[in-house]
Amino acid sequence: MLLTILKSKIHRVKVTEANINYVGSITIDEAWMEEAGIVAGEKVSVVDVTNGARLETYTIPGKRGSRCICMNGAAAHLIHVGDTVIIMAYALMTPDEAKDFKPQIIFPES
């Protein structure tokens, strides 16, 4: 049996951009992705603390140090500039692996 376990989290960051005319995804400052252990193209859940919206998408690295969080495509209809979001990635693990696993959680000031 495999369990779905929180692997990475970027906790409470502000959305800085929204681009409805983009193919899709979320663009995240590459430094934050690296610090949280999230890779380009990885599936993430995005939870909007401001309005309660929840969605799944994939990541695109943004300019390092830009503090960018950009909702792209259809997601920009649900999550808006200025909203506070939590971004989470998960991993499949056996119960033995999960027992001692510690997720990478960052708390950027945005």
Side-chain angles (χ1 to χ4, degrees):
M1 170 177 48
L2 294 176
L3 306 173
T4 304
I5 302 296
L6 178 69
K7 176 185 79 73
S8 307
K9 179 163 79 164
I10 301 173
H11 190 74
R12 297 185 65 97
V13 290
K14 296 273 187 201
V15 175
T16 59
E17 300 174 55
N19 184 352
I20 291 170
N21 296 315
Y22 193 82
V23 175
S25 70
I26 182 171
T27 303
I28 304 170
D29 180 322
E30 186 175 31
W32 286 345
M33 287 178 61
E34 195 172 275
E35 187 178 351
I38 297 171
V39 299
E42 186 168 2
K43 178 180 177 180
V44 292
S45 296
V46 183
V47 178
D48 189 323
V49 176
T50 305
N51 69 23
R54 301 176 70 94
L55 59 90
E56 291 181 337
T57 190
Y58 64 92
T59 60
I60 293 177
K63 182 178 176 189
R64 182 176 293 277
S66 67
R67 304 175 72 80
C68 164
I69 300 290
C70 181
M71 301 309 306
N72 298 309
H77 287 288
L78 300 174
I79 300 176
H80 308 102
V81 172
D83 287 2
T84 298
V85 297
I86 300 169
I87 304 161
M88 297 166 286
Y90 301 88
L92 294 175
M93 299 180 196
T94 65
D96 282 343
E97 290 171 320
K99 185 174 69 170
D100 295 320
F101 181 78
K102 302 291 185 240
Q104 288 180 248
I105 300 173
I106 66 167
F107 301 85
E109 295 177 28
S110 64

Do the non-hydrogen side-chain atoms of [X] and [Y] ever get within less than 4.5 Å of each other?
X: T59; Y: V39; answer: no
X: V15; Y: H80; answer: no
X: E56; Y: S45; answer: yes
X: Y90; Y: K43; answer: no
X: I87; Y: I69; answer: yes

* To do: Write down the atom of A76, the atom of A18, and the distance for their closest heavy-atom approach.
  => CB-CB, 3.9 Å
* Asked: Where is the tightest heavy-atom contact between I106 and E35, given as atom of each residue plus distance?
  -> CG2-CG, 3.4 Å
* Does the side-chain contact (heavy atoms from CB on, under 4.5 Å) test come out yes or no for K7 and E42, once each step is laid out? -> CA-CA 11 Å; K7 176 185 79 73; E42 186 168 2; 2.8 Å; yes
* Partner set under ring pair (Phe, Tyr, Trp, His ring centres under 6.0 Å) for H11, not counting sequence neighbours -> F107
* Asked: Does a sphere of radius 6.0 Å around CZ in R64 hold more than 12 heavy atoms from other residues, nucleotides or ligands, not counting ones at 6.0 Å or beyond?
  -> yes
* Would E17 and C68 satisfy side-chain contact (heavy atoms from CB on, under 4.5 Å), going step by step from the backbone distance to the final call? -> CA-CA 7 Å; E17 300 174 55; C68 164; 3.6 Å; yes
* Applying side chain to side chain donor-acceptor pair (under 3.5 Å), name anything that partners T84, two or more places apart in sequence or on another chain. => K14
* Sequence neighbours left out, what passes side chain to side chain donor-acceptor pair (under 3.5 Å) with T27? Give chain and number order. => N72
* Could I get the full list of side-chain contact (heavy atoms from CB on, under 4.5 Å) partners for Q104, not counting sequence neighbours? => none
* Structure fact -> Taken in chain and number order and not counting sequence neighbours, the residues that satisfy side-chain contact (heavy atoms from CB on, under 4.5 Å) with N21 are N19
* To do: Give me the other members of the hydrophobic cluster that L92 sits in, counting Ile, Leu, Val, Met, Phe, Trp and Tyr linked by side-chain heavy atoms under 4.5 Å, directly or via other members.
  => L2
* **Option among I26, T16, D48, D83 that satisfies the side chain to side chain contact (heavy atoms under 4.5 Å, CB included) test with M71** => I26
* Asked: Checking side-chain contact (heavy atoms from CB on, under 4.5 Å) for the pair F101/L3: CA distance, chi angles, key distance, verdict?
  -> CA-CA 12 Å; F101 181 78; L3 306 173; over 6 Å; no
